[in-house]
Q: 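My structure is below; once you've seen it, I'll send some questions.
It should be emphasised that the depicted structure is a prediction, and the values quoted were computed from it without experimental measurement.
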Amino acid sequence: EVQLVESGGGLVQAGGSLRLSCAASGVTFDDHAIGWFRQAPGKEREGVSAISNSDGSTYYTDSVKGRFTISSDNAKNTVYLQMNSLKPEDTAVYYCAATHAATAQELGVMTEVWAYDYWGQGTQVTVSS
């Protein structure tokens, strides 16, 4: 059984912060990459950030660079997304997902939805203006 469980979403005012957590089980954590994706109503799911648990490399989409930070705690099989300076356009359901790190990194697809095999249930983030 592969399971990814997101938590930490909620309602926050613009300029505020949230920290999302993704707890993984049933995977070889150190061999995988974990990505964060988001989907707003009527929009396609998009990549936000990703981290390789193999070498620690991180990736961010341009719209969140300087505001979001991804990190891993390998001992806990958990990945975090610290979100600061939140904007209303960050409002979405946020999902974490897992894929094999080496292949995703070599192909340059760390923030591509189609590259990921396992998905969590999502957690709602709402940023009010």
Side-chain angles (χ1 to χ4, degrees):
E1 178 184 353
V2 176
Q3 189 172 38
L4 303 172
V5 180
E6 303 97 331
S7 61
L11 174 64
V12 65
Q13 293 186 351
S17 298
L18 288 171
R19 189 181 74 159
L20 305 183
S21 298
C22 175
S25 62
V27 300
T28 305
F29 194 74
D30 291 351
D31 292 339
H32 281 75
I34 302 294
W36 284 99
F37 299 80
R38 65 189 180 188
Q39 188 166 22
K43 292 186 176 293
E44 296 294 318
R45 194 169 298 185
E46 64 174 350
V48 176
S49 185
I51 186 165
S52 169
N53 290 322
S54 178
D55 65 9
S57 299
T58 59
Y59 306 81
Y60 300 92
T61 193
D62 286 345
S63 64
V64 309
K65 287 180 179 177
R67 299 190 298 123
F68 293 8
T69 303
I70 192 168
S71 61
S72 290
D73 185 338
N74 286 5
K76 296 181 178 180
N77 283 10
T78 300
V79 169
Y80 304 95
L81 185 67
Q82 179 67 46
M83 306 187 296
N84 298 327
S85 301
L86 283 162
K87 304 175 181 179
E89 52 262 45
D90 295 318
T91 295
V93 177
Y94 282 70
Y95 300 87
C96 68
T99 190
H100 286 95
T103 300
Q105 287 182 262
E106 184 163 344
L107 292 175
V109 295
M110 288 285 284
T111 57
E112 298 295 327
V113 170
W114 61 264
Y116 283 76
D117 302 303
Y118 308 107
W119 293 83
Q121 85 290 344
T123 186
Q124 177 71 47
V125 171
T126 302
V127 184
S128 63
S129 60

Q: State whether the side chain of Ser57 and the backbone N or O of Asp55 hold a donor-acceptor pair below 3.5 Å, judged by distance alone.
A: no
Q: Any chance you could measure Thr69, atom OG1, to Asn84, atom CG, to the nearest 0.5 Å?
A: 6.5 Å
Q: Does Arg19 make a cation-pi contact with Tyr80 (under 6.0 Å, within 45 degrees of the axis)?
A: yes
Q: Side-chain contact, heavy-atom cut-off 4.5 Å: Tyr118 with Gln3?
A: no
Q: Identify the heavy atoms of Gln13 and Ser128 that sit nearest to each other, and give their distance.
A: CA-OG, 3.5 Å
Q: Any chance you could measure Leu107, atom CG, to His100, atom NE2, to the nearest 0.5 Å?
A: 13.0 Å
Q: Looking at every heavy atom in both Ile34 and Cys96, which two are closest together, and how far apart are they?
A: CG2-CB, 4.3 Å
Q: Is any side-chain heavy atom of Arg67 less than 4.5 Å from a side-chain heavy atom of Met83?
A: no
Q: Are Lys65 and Asp62 close enough for a salt bridge, meaning some N to O gap below 4.0 Å?
A: yes
Q: Under a plain distance cut-off of 3.5 Å, with no hydrogens placed, do Gln105 and Ser52 share a side-chain donor-acceptor pair?
A: yes
Q: Indicate yes or no: at least one non-hydrogen side-chain atom of Thr91 is less than 4.5 angstrom from one of Val125.
A: no
Q: Are any non-hydrogen side-chain atoms of Val79 and Ile51 less than 4.5 angstrom apart?
A: yes
Q: Is a side-chain donor or acceptor of Thr99 paired with a backbone partner of Tyr116 at a separation under 3.5 angstrom?
A: no
Q: With a 4.5 Å cut-off on side-chain heavy-atom distances among I, L, V, M, F, W and Y, is there a chain of contacts connecting Leu81 to Tyr59?
A: no
Q: Using a distance-only test with no angle check, is there a side-chain donor-acceptor pair under 3.5 angstrom linking Ser72 and Asn53?
A: yes
Q: Parallel, tilted or perpendicular: which one describes the rings of Tyr95 and Trp119, with boundaries at 30° and 60°?
A: perpendicular
Q: Hey, does Val109 have a side-chain heavy atom less than 4.5 Å from the side chain of Trp114?
A: yes
Q: Do you reckon Leu86 sits in the same ILVMFWY cluster as Val93, going by side-chain contacts under 4.5 Å, direct or chained?
A: no
Q: For Ala97 and Leu4, work out which heavy atoms get closest and say how close.
A: CA-CD1, 3.7 Å
Q: Work out which heavy atom in Phe37 is nearest to a heavy atom in Thr111; give both atom names and the distance.
A: CE2-O, 3.6 Å
Q: In Å, rounded to the nearest 0.5 Å, how long is the span from CG of Asn77 to OG of Ser25?
A: 8.0 Å
Q: Using a 4.5 Å cut-off on heavy atoms from C-beta on, say whether the side chain of Tyr60 contacts that of Ser49.
A: yes
Q: So which atom in Ala104 and which in Met110 form the shortest heavy-atom distance, rounded to 0.1 Å?
A: CB-SD, 3.6 Å
Q: Do Ser17 and Gln82 have side chains that approach each other closer than 4.5 Å (heavy atoms only, starting at C-beta)?
A: yes
Q: Say whether Val64 and Ile70 are linked into one hydrophobic cluster, either directly or through other cluster members, by side-chain heavy-atom distances under 4.5 angstrom.
A: yes
Q: Report yes or no: does Asp90 contribute a side-chain atom to a donor-acceptor pair with the main-chain N or O of Lys87 at less than 3.5 Å?
A: yes
Q: Any luck finding a side-chain donor-acceptor pair between Gln39 and Tyr94 under 3.5 Å?
A: no
Q: Within a strict 4.5 Å, meaning less than it, do heavy atoms of the Glu46 and Arg38 side chains meet?
A: yes
Q: At their closest point, which heavy atom of Ser21 faces which heavy atom of Thr78, and how far apart are they?
A: CB-CG2, 4.3 Å
